[in-house]
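Okay, so here's the structure we're looking at.
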Amino acid sequence: MELTFTGRGVTVDDELKETARHKLARLERMDPRVIRIDLEFISESHPTLDGTKRVEAAMHTPRKSFRAHAEAEDVQTALDRLTDRLERQLRDHHGKRRSRLFRRFRRSGKKNPLDSASRTPGPADTAEE
């Protein structure tokens with residue numbers, strides 16, 4: 001997985017890069033096909049948003065891109081929120097793909113390989129005569 005860092009009003013030092021790598025590593029474990037994650041750290045300079053830090057990310061996989069952003073008083077908290085949002089998007093996407101696979105097998109009339117491959121027949125599965 002390739003990480004690219006951009007800072008607007010924030011210096012992206014080695015400590016921040018290591019923290020981001022550590023927090024985003026769980027996304028790569030969830031989906032090893034993640035190619036690249038683009039991170040942008042932004043310091044808001046608005047009078048009402050005094051000191052607010054914003055982190056934006058774009059995660060690229062072979063067929064889909066996921067985008068998220070988060071705001072907080074410090075960069076670490078914003079990075080945690082961003083990681084949670086990307087993880088939720090990835091989990092939802094996997095659920096959609098899985099349900100689409102089940103529907104395809106139901107329509108074709110074939111036995112679903114994910115359904116009963118690891119199941120052993122129980123008392124309710126055996127017919128009594």
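By convention here, the first residue in the shown sequence is residue 1. Owing to the predicted nature of the structure, the values given are computational and were not obtained by experimental measurement.
Considering all non-hydrogen atoms of both residues, A78 and A70 come closest at O-CB, 3.3 Å. When all heavy atoms are compared, the tightest approach of A57 to L86 is CB-CD1, 4.0 Å. Q89 approaches R67 most closely through the heavy-atom pair NE2-O, 2.9 Å. The shortest heavy-atom contact between E56 and H69 is CG-CB, 3.8 Å. Heavy atoms only, all atoms of each residue included: P62 and R33 are closest at CD-O, 3.3 Å. Residue D38 comes nearest to R36 through the heavy atom pair OD1-NE, 3.0 Å, listed as atom of the first residue, atom of the second, then distance.
Contact annotation: the side chain of E2 never approaches that of I35 to less than 4.5 Å [non-hydrogen atoms, C-beta and beyond]. Counting heavy atoms from C-beta on, the side chains of E71 and I42 never come closer than 4.5 Å. Counting heavy atoms from C-beta on, the side chains of L39 and L82 come closer than 4.5 Å.
The backbone N or O of V34 lies less than 3.5 Å from no partner atom in the side chain of E28, so there is not a single donor-acceptor pair.
Atom CZ of R29 sits about 9.5 Å away from atom CE of M1, to the nearest 0.5 Å. In this structure, CG on L90 lies 4.5 Å from CE on M30, to the nearest 0.5 angstrom. Considering CZ of R85 and CG of D80, their distance stands at 11.5 Å, rounded to 0.5 Å. Summarising the geometry, atom NE2 belonging to H93 is positioned 10.0 Å from atom CZ belonging to R63; distances are rounded to the nearest 0.5 Å.
Counting heavy atoms of neighbouring residues, nucleotides and ligands inside a 6.0 Å radius, atom NE2 of H94 exceeds 12 of them.
Salt bridge present: D84 and R26 bring a charged side-chain N and a carboxylate O closer than 4.0 Å.
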Validation: residues 6-14 side-chain donor-acceptor distances under 3.5 Å, sequence neighbours left out:
{"residue": "R8", "atom": "NE", "partner": "E40", "partner atom": "OE2", "Å": "2.7"}
{"residue": "R8", "atom": "NH2", "partner": "E40", "partner atom": "OE2", "Å": "3.0"}
{"residue": "D13", "atom": "OD1", "partner": "L16", "partner atom": "N", "Å": "3.2"}

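Here E18 pairs with R21 under the salt bridge (charged side-chain N to carboxylate O under 4.0 Å, His left out) rule; sequence neighbours left out. Under the side chain to side chain donor-acceptor pair (under 3.5 Å) criterion, S43 pairs with no residue, sequence neighbours left out.
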Q) What's the verdict on side-chain contact (heavy atoms from CB on, under 4.5 Å) for M59 and D31, showing C-alpha distance, side-chain angles and the deciding distance? A) CA-CA 11 Å; M59 182 173 62; D31 190 356; over 6 Å; no
